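Model, not experiment: these values are computed from the prediction. Here is the naming used below: chain letters follow the sequence lines, and residue numbers restart at 1 for every chain. FYI, side chains are in, hydrogens and waters are out, and symmetry mates aren't considered; it's all heavy atoms of this structure.
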Number of protein chains: 2
Amino acid sequence: MLPLSQTAGYAVLALSCLDDPGGAPALVQDVAARTGIPRAYLSKLMNSLAHKGLILAKRGNKGGVVLAQPAREITLDVIAEAVDGDAWRRTCLLGFSTCLDDRACPAHAFWKEERERIHAHLQQNTLADIASFERKSRTWRLMDALLPSTVSP
Amino acid sequence: MLPLSQTAGYAVLALSCLDDPGGAPALVQDVAARTGIPRAYLSKLMNSLAHKGLILAKRGNKGGVVLAQPAREITLDVIAEAVDGDAWRRTCLLGFSTCLDDRACPAHAFWKEERERIHAHLQQNTLADIASFERKSRTWRLMDALLPSTVSP
DNA sequence: GATATAGATGATGAAACGGTAAACAACATG
DNA sequence: CATGTTGTTTACCGTTTCATCATCTATATC
């Protein structure tokens, strides 16, 4: 069970659909339809992301959701931390409680390095990177809809 | 939520207390007391590990548990896979379902490499490595018991 | 073979995560 | 200001993971 939470993935995917600040607000239900994320669940996620300052939500007619900052300035790390917290950056690979820098478990030095590598990667990639990938891969999802699903869970 | 499951950590810790095949059987309750793992829970874990061939369990008077193979031949990977399975080696960092080698998400190449690095490390480390660490760190745990816990969760 | 010992097993429970449903509150528009 | 649109909030459900408890079963020993 190594990856970030499923909800963190939802957040990245959903935010990659939104416009930069000043742009056209997107409806949560549209984002849900586009991404396949359950509407009601996404609604709660968006609400939480709004409270954490990642997006701006406007309700009522002509309402919707936009990014609070340009996509190029929002790193995956910020999103992951908003959803999952940063506890994973301090955990031991094997879950040992007595595993700190000065009393390390056998995997400690290795795992510390891995965590930092992962963290750095999340910090270096932004929503803009995801969005450009999503634009390219929309074709794939179209094919998924047309062909019998031989691949996706 | 990046590390392996807590139960996998339990397994590594518990198995590191056992003798090689032919050695003296250890009581599950003793292992529980030594490691801090809940007795009843460890009992079921041990049972599962016995079914998977990692340990030999003998019940009844003078019973107990020993490793099925020498500690030096049991890798952390084998233990982790017995407990958690190997699904984590195929998951996307962000949980995208459309993330395979030929239709990768932006983090795919990076994450694939990380997974392989982690897997290799788990394959290279054995129970013997853990056991020697545990022997050294027993002092620490003694101190934990004597001093107010300022560190361990 | 009776007995104490020790693992095996099944029922149960609490907490976290993913997910649902419905009532609620704000806002643009006519 | 009435209305419909759209996000907000609350409560609830199902599954998985970690954990407990009681009971059953095997076995070494006397």
Review point. Expressed in angstrom and rounded to an integer, what is the separation of Gln6(B) atom CD from dT16(D) atom C1'?
Key: 14 Å
Review point. OP1 or OP2 of dG18(C) sitting under 4.0 Å from any side-chain N/O of Tyr10(A)?
Key: no
Check your understanding: Could you give the OH-to-P distance, from Tyr41(A) to dG18(C), as a whole number of Å?
Key -> 5 Å
Practice item. Hey, can you tell me if His121(A) and Phe110(B) have their rings parallel, tilted or perpendicular (30° and 60° cut-offs)? Key: parallel
Review point. Can you tell me how far C1' of dT9(D) sits from CG of Leu45(A), to the nearest Å?
Key: 15 Å
Review point. Are the side chain of Trp88(A) and the backbone of Arg115(A) linked by a donor-acceptor contact shorter than 3.5 Å?
Key: no
Review point. Whole-Å distance between dG7(D) P and Leu56(A) CG?
Key: 13 Å
Practice item. Quickly, which of Leu76(A), Val78(A), Thr75(A) forms a side chain to side chain contact (heavy atoms under 4.5 Å, CB included) with Leu122(A)? Name it, please. Key: Leu76(A)
Review point. Hey, what bend do you get for the helix from dG1(C)-dC30(D) to dG30(C)-dC1(D) if you fit axes on five pairs at each end, rounded to 10°?
Key: 0°
Review point. With a 4.5 Å heavy-atom cut-off, do Val83(A) and Val12(A) have their side chains touching?
Key: no
Practice item. Give the minimum heavy-atom separation between Pro70(A) and Pro21(A), together with the two atoms involved. Key: N-CD, 3.6 Å
**Study point:** Glu81(A)/Lys52(A) salt bridge by N-O under 4.0 Å criterion
**Key:** no
Practice item. Report, as a single string ordered 5' to 3', how protein heavy atoms within less than 4.0 Å touch nucleotides 4-14 of chain C: B base, S sugar-phosphate only, - not at all. Key: -BBBSBBB---
**Study point:** ILVMFWY network linking Val66(B) to Leu15(B), side-chain heavy atoms under 4.5 angstrom
**Key:** no
Point to revise | Nearest-angstrom distance from the residue atom CG of Leu4(B) to P of dT17(D) | key: 13 Å
**Study point:** Nearest non-hydrogen partners of Leu27(B) and Gly64(B), listed with the distance
**Key:** CD2-CA, 4.3 Å
